[in-house]
Amino acid sequence: MADDLYSVLGVARGASTEDIVKAYRKLAKKLHPDLNPGDKAAEEKFKQVTAAYDILGDADKRGRYDRGEIDASGQERPQQRYYREYAGGEDGARYRSTAGYEDLGGFSDLFGDLFGRGAGARGGGQRFAMRGTDAQYRLEIDFLEAVNGAKKRITLPDGGTLDVTIPGGVQQGQVMRLKGKGMPGMGGAEPGDALVEILVRPHHVFTREGDDILVEVPITFDEAVLGGKVEVPTITGNVFATVPPGSNTGKTLRLKGRGIKRKGGKHGDELVKLIVVMPDRIDEDLKTFAEKWRAEHRYDPRRKLREQA
Amino acid sequence: MLTERDIVARVKHVTVTRLRVWVRQGWIRPPAKAEQGFTEADMARAALIRDLEDKLGFDEEEVPVLLNLIDQIHGLRAELKGLLEALDDLPDEVRATVKTRIAARKRRTR
């Protein structure tokens with residue numbers, strides 16, 4: 001069956017209905033089997049021309065043929081053009097692999113280099129294509145680097161380096177994905193990603209709880225009694241915090257916005273836990289004072305303990 | 001050249017996301033990567049991958065194995081076709097000799 005019905009009738013694609021009728025009649029008169037007894041070729045041609053006219057002469061069928069919904073024989077075109085229809089052609093050459101018969105080349109000098117990778121211009125040399133695998137790395141960073149963000153460089157086993165920009169607020173165990181920094185892909189496919197697991201070294205002073213920073217700050221006996229300003233470390237430097245009079249060990253001050261930056265631009269807080277510390281040496285003054293004070297202001301911090309134990 | 005949209009429109013059940021994953025995995029390798037230009041063969045290949053995954057139920061680790069085998073088969077078929085075409089151009093008596101030899105090998109290996 002001819003591919004192009006228009007060429008069978010010898011008309012242009014845009015031909016009018018009249019032109020198609022005219023062309024068909026002219027051919028039919030010439031080719032009709034009864035006008036050409038014994039001429040097999042003419043009969044065959046007549047069938048083709050008539051089949052073409054059956055489609056092109058019908059406005060509805062002609063439209064469907066033009067849109068590619070039916071083929072030249074009037075059959076519904078299959079919805080799916082199968083891959084195998086292309087795989088053998090020029091368009092499919094990219095995908096054809098010759099990896100399967102690398103070892104078939106050992107015949108003689110004459111044929112030895114005909115197949116497989118040495119096959120030259122046939123274009124069928126495409127290898128197995130696969131995205132590169134992801135590479136896994138671990139990166140240990142300081143607490144403050146995790147909190148504030150940092151730029152780090154990883155030295156790879158092959159001597160190369162990988163620059164990692166660590167965003168502020170990164171969590172312990174968080175895995176960063178660096179696109180395309182993994183193993184190279186095969187056969188033109190993309191490289192894999194580098195997956196960097198972040199390990200945060202603990203800090204001597206700060207600990208982290210969500211977006212808040214916890215810190216324990218020792219205060220003197222007199223600061224606890226009288227209150228006052230004490231210098232407190234934060235992740236961005238020292239600040240002065242106000243200790244209210246009568247602050248006990250365990251009392252926690254909240255320094256608003258001194259914690260870790262959150263996604264929305266807000267910050268967590270720093271929680272300052274006060275620890276009352278007696279002086280290293282208790283001198284006579286303090287001893288005298290305590291004895292005098294005890295005589296007049298006895299108090300019982302352990303009453304609850306006794307009652308509930 | 002076909003665009004991503006053309007392929008998604010014409011191959012049922014294929015989404016832009018799926019298509020991009022396949023390209024990223026190297027299962028589909030459009031000739032002009034920069035323009036995201038696909039050919040008819042790429043489109044048919046997308047339909048093939050879709051069938052492998054959806055209709056036949058192969059998973060993403062099995063699909064590249066199958067594609068690799070399919071590509072090898074078509075590579076072999078193309079070489080065989082080239083070989084047969086080359087043989088076909090030879091003089092009649094050479095063709096007859098080749099035919100006899102092949103038939104003899106087949107009998108031996110049967």
Side-chain angles (χ1 to χ4, degrees), chain A residues 67-68 77-105 107 110-111 113-134 179-180 182-193, chain B residues 1-2 7 9-14 20-33 37-52 54-55 60-87 98:
Chain A
R67 288 190 296 274
R77 257 190 215 284
Q79 277 292 306
Q80 179 171 345
R81 304 295 306 273
Y82 288 101
Y83 180 66
R84 64 176 194 192
E85 297 170 49
Y86 299 94
E90 201 183 320
D91 196 2
R94 262 175 299 137
Y95 291 112
R96 286 201 292 273
S97 165
T98 57
Y101 44 104
E102 288 278 86
D103 58 343
L104 293 189
F107 292 110
L110 188 55
F111 296 118
D113 57 355
L114 266 182
F115 302 109
R117 210 152 281 176
R122 277 202 65 90
Q126 185 61 59
R127 292 82 45 208
F128 182 52
M130 199 175 73
R131 182 176 170 271
T133 44
D134 294 337
K179 264 198 121 15
M183 300 302 164
M186 287 162 68
E190 281 196 350
D193 301 335
Chain B
M1 278 290 156
L2 299 161
I7 292 191
R10 285 160 70 178
V11 186
K12 267 188 197 162
H13 307 302
V14 172
R20 285 185 185 163
V21 168
W22 297 344
V23 171
R24 196 151 68 87
Q25 298 285 353
W27 300 349
I28 294 179
R29 301 187 288 278
K33 241 187 177 165
F38 295 92
T39 65
E40 299 270 331
D42 295 323
M43 184 162 72
R45 201 171 164 90
L48 166 65
I49 297 171
R50 188 258 338 254
D51 284 352
L52 291 176
D54 299 356
K55 288 188 184 159
E60 59 171 18
E61 298 199 350
E62 293 157 346
V63 166
V65 176
L66 292 165
L67 288 176
N68 182 22
L69 293 175
I70 291 168
D71 291 343
Q72 283 190 44
I73 288 172
H74 286 297
L76 283 166
R77 285 172 57 90
E79 294 288 9
L80 184 61
K81 188 162 168 268
L83 188 62
L84 290 174
E85 280 167 6
L87 287 175
V98 171

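The sequence lines fix the lettering, A, B, ..., with proteins before strands; numbering per chain opens at 1.
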Item to complete: Indicate yes or no for a side-chain donor-acceptor contact from A/Y95 to the backbone of B/D42 under 3.5 Å, with no hydrogens or angles considered.
Response: no

Worksheet item: For B/R77, is it the side chain, the backbone, both, or neither that has a heavy atom closer than 4.5 Å to a heavy atom of chain A?
Response: neither

Worksheet item: What heavy-atom pair brings A/R94 and B/T39 nearest, and what distance separates the two atoms?
Response: NH2-OG1, 3.1 Å

Worksheet item: In terms of heavy-atom pairs under 4.5 Å with chain A, which of B/L69, B/I28, B/I70 leads?
Response: B/I28

Fill in: Rounded distance (nearest 0.5 Å) linking atom OH of A/Y83 with atom CG of B/L52
11.5 Å

Practice prompt. Rounded to the nearest 0.5 Å, what's the gap from CZ on A/R96 to CD on B/Q72? Could you check?
Written response: 13.5 Å

Practice prompt. Measure the CE-OH distance between B/M43 and A/Y86 for me, rounded to the nearest 0.5 Å.
Written response: 6.0 Å

Worksheet item: Quick check: are there more than 12 heavy atoms from other residues, nucleotides or ligands sitting under 6.0 Å from CD of B/E62?
Response: yes

